Amino acid sequence: MLQHPGITTTDVDTTKAVAVLALDKVTKTFPGVKALSEVSLSLYPGKVTALIGENGAGKSTVVKILTGIYQPDGGQILVDDKPTPFPVPQAAATHGVTAIHQETVLFDELSVAENIFLGHAPRNKFGLIDLAAMTEKARALLSGIGADIDPATKLKDLGIASKHLVAIGRALSIDARVVIMDEPTAALSHKEIEELHELVESLKAQGKAILFISHKFDEIFRIADNFTVFRDGQLIGDGAIAEVTEAALVKMMVGRDVSQIFPQRTPNVADTVLSVAGYSHPTEFEDISFELRKGEILGFYGLVGAGRSEFMQALFGITRTSAGAAEIDGAPVQIKSPADAVDNGIVYVPEDRGKQGAILDLPIFQNVSLPSLGRISSKGFLKLAEEFALARSYAERLDLRAASLDTHVGNLSGGNQQKVVIAKWLATQPKVIILDEPTKGVDIGSKAAVHEFMAELAAEGLAVIMVSSEIPEVLGMSDRVIVMREGRIVAELADDDLKPETLVRHAAGI
């Protein structure tokens, strides 16, 4: 076992159990980046192993090697202690390895049942897909994970949380020996998280080996038996979760103490920059009214389905409202499209960065410059040097970690993708920035960096709206908090009223 200097951990008892699946001194290199350097990892039957590390530590690369998407450049994969290469994803599936990814990979135009059994649907005696059997099996799988979803529903008609549950059902539709869960609770409500934890306990009882990747330490300490920590593509430490503290794990992750996640701020609030009055939508929200001032961080809190993201998308001009008015610096504005919003100084960093925030197949510098092409063009021609300079300035400001600005955004870690999206909109020099779940799926070190940067933006006079489902983040970063429930504002809290129990009580209607 490897240990971080000064930290003592206890290795798992391997005297009786043989690892179902393991990596032995695996190395993986990409152009300009060594993603993994002789790392080892062991997964045991009936045990949950938490894989912990900052964004860019190599966790996603490990998942892709374990599922046959990537091939190691050195070292080997072991199944039941025997060298077993996974040249293609089907090889991993054949050996009972399945994964539930952070970003669901599903097909909107297919039904729930078709998504679950795509590629291995039950067939009748004529070799044709047995739709009735597939529907019933899908219904049983969904019921087993507490998901009240009709298998005949098209996926495009479901919300993010329900789509995630369908992805879990798909992963469990094969006879899995190893279940990899990559940030499985990122898009789930409190109730659904509890149900997922119960599912994990059920899988453990069935003797399945589970690799659990999460940035939520309360979750890790609740359900994990063992831990493995990566940093910069190297194995830093592993052992039994009962023998390690949260502070020790954080130090292993980031190589330093992160004692204060939220920056100390002295708000310098100035004039009102944004006024919203009576914003309404036929189905999503009603009568949303508030004011936002320069230098302020205004938090929006609510449970899943409260309508927060839907309202923010309307404010940014993605969807149309049925009523309401907005003012910027006291002047009425008409926001009928995102272009209108940007022209008036409002930008939006969405929750789903992969689909809505960035173009994954384009390099970093083109993503950052996209909304600012008018400023870096002359007579219809793009000035490449200015485009690179613009991207470089914001990449450095946000401590974006990549081999070069030519790196495609799809090849970055989740936290660095988020930084690209933030950089893209900051380059437009806005007056108001809306951050929708800004640290969703982001590790503790990157969270601290995002929080510091938010504080800097507010200190410079930018007005910040932060939508977050994490109570510590809401309380630690917000000057005021607006609580929404079922599409309406139910409370506006500040100062002594900003307490966890108060937020939850208003959000849940207690």
Side-chain angles (χ1 to χ4, degrees), residues 20-21 43 45-48 63 66-68 89-125 127-214 219 223 304-305:
V20 177
L21 181 66
L43 305 178
K47 299 291 183 182
V48 176
V63 171
L66 290 175
T67 53
Q90 289 82 353
T94 299
H95 286 89
V97 180
T98 187
I100 302 164
H101 296 282
Q102 178 181 343
E103 305 293 345
T104 55
V105 184
L106 300 169
F107 299 91
D108 281 345
E109 295 300 327
L110 297 182
S111 71
V112 168
E114 289 169 330
N115 269 282
I116 289 175
F117 287 101
L118 187 65
H120 58 284
R123 297 181 180 272
N124 58 25
K125 61 183 179 180
L128 302 176
I129 292 175
D130 190 332
L131 292 175
M134 182 171 68
T135 300
E136 285 310 305
K137 286 188 174 183
R139 195 185 309 279
L141 267 173
L142 293 168
S143 176
I145 60 174
D148 185 18
I149 302 172
D150 184 352
T153 303
K154 280 199 172 182
L155 196 80
K156 66 180 181 181
D157 296 326
L158 299 179
I160 292 176
S162 295
K163 287 181 179 180
H164 206 79
L165 292 174
V166 173
I168 292 172
R170 171 169 172 75
L172 298 177
S173 64
I174 72 167
D175 186 17
R177 298 182 67 203
V178 176
V179 180
I180 300 169
M181 296 185 170
D182 188 357
E183 295 287 347
T185 63
L188 304 185
S189 68
H190 293 296
K191 180 176 180 293
E192 289 160 340
I193 289 172
E194 289 297 321
E195 290 171 348
L196 182 77
H197 290 168
E198 292 174 6
L199 172 63
V200 170
E201 292 299 327
S202 173
L203 295 175
K204 284 176 61 177
Q206 296 171 34
K208 300 187 187 301
I210 301 169
L211 180 63
F212 194 88
I213 302 173
S214 176
E219 213 166 54
I223 67 172
V304 172

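Any value given below was found using the heavy atoms of this structure, including those in side chains, with hydrogens, waters and symmetry copies removed. Treat the numbers as computed from the prediction; the structure is a model and nothing was measured.
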**Asked** What residue pairs, at least two apart or across chains, pass salt bridge (Lys or Arg N to Asp or Glu O under 4.0 Å) with a residue in residues 140-154?
**Response** E109-K154

**Prompt:** Roughly how far, to the nearest 0.5 Å, is OG1 of T98 from CD1 of I180?
**Reply:** 8.0 Å

**Asked** Side chain of R170, backbone of L118: donor and acceptor closer than 3.5 Å?
**Response** yes

If you look only at distance, which donor and acceptor atoms sit under 3.5 Å apart when one is on a side chain in residues 202-214 and the other is two or more places apart or in another chain?
{"unit_1": "S202", "atom_1": "OG", "unit_2": "Q206", "atom_2": "NE2", "d": "3.2"}
{"unit_1": "K204", "atom_1": "NZ", "unit_2": "D225", "atom_2": "OD1", "d": "3.3"}
{"unit_1": "K204", "atom_1": "NZ", "unit_2": "D225", "atom_2": "OD2", "d": "3.2"}
{"unit_1": "K208", "atom_1": "NZ", "unit_2": "A176", "atom_2": "O", "d": "2.7"}
{"unit_1": "S214", "atom_1": "OG", "unit_2": "K216", "atom_2": "N", "d": "3.0"}
{"unit_1": "S214", "atom_1": "OG", "unit_2": "E219", "atom_2": "OE1", "d": "2.8"}

**Message:** Give me the atom names and distance for the closest heavy-atom approach of K163 to D108.
**Reply:** NZ-OD1, 3.4 Å

**Residues in side-chain hydrogen bond (donor to acceptor under 3.5 Å, both in side chains) contact with S111, at least two apart in sequence or another chain** = E114

**Prompt:** Hey, what do you get for CG (L106) to CG (L158), rounding to the nearest 0.5 Å?
**Reply:** 9.5 Å

**Item:** Approximate separation, where rounding is to 0.5 Å, of L110 CG and N115 CG
**Value:** 5.0 Å

Please tabulate, one pair per line, all N/O donor-acceptor pairs under 3.5 Å involving side-chain atoms of residues 127-143, not counting sequence neighbours.
{"unit_1": "D130", "atom_1": "OD1", "unit_2": "A132", "atom_2": "N", "d": "3.3"}
{"unit_1": "D130", "atom_1": "OD1", "unit_2": "A133", "atom_2": "N", "d": "3.1"}
{"unit_1": "T135", "atom_1": "OG1", "unit_2": "L131", "atom_2": "O", "d": "2.8"}

**Asked** Excluding sequence neighbours, so at least two apart, what forms side-chain hydrogen bond (donor to acceptor under 3.5 Å, both in side chains) with T67?
**Response** none

**Message:** A side-chain contact here means heavy atoms from C-beta on lying under 4.5 Å apart; do L66 and V178 qualify?
**Reply:** no

**Prompt:** Mind checking what makes ring pair (Phe, Tyr, Trp, His ring centres under 6.0 Å) contact with H197, not counting sequence neighbours?
**Reply:** none

**Complete:** To the nearest 0.5 Å, atom CD1 of I116 lies from atom CG of L155 at 9.5 Å

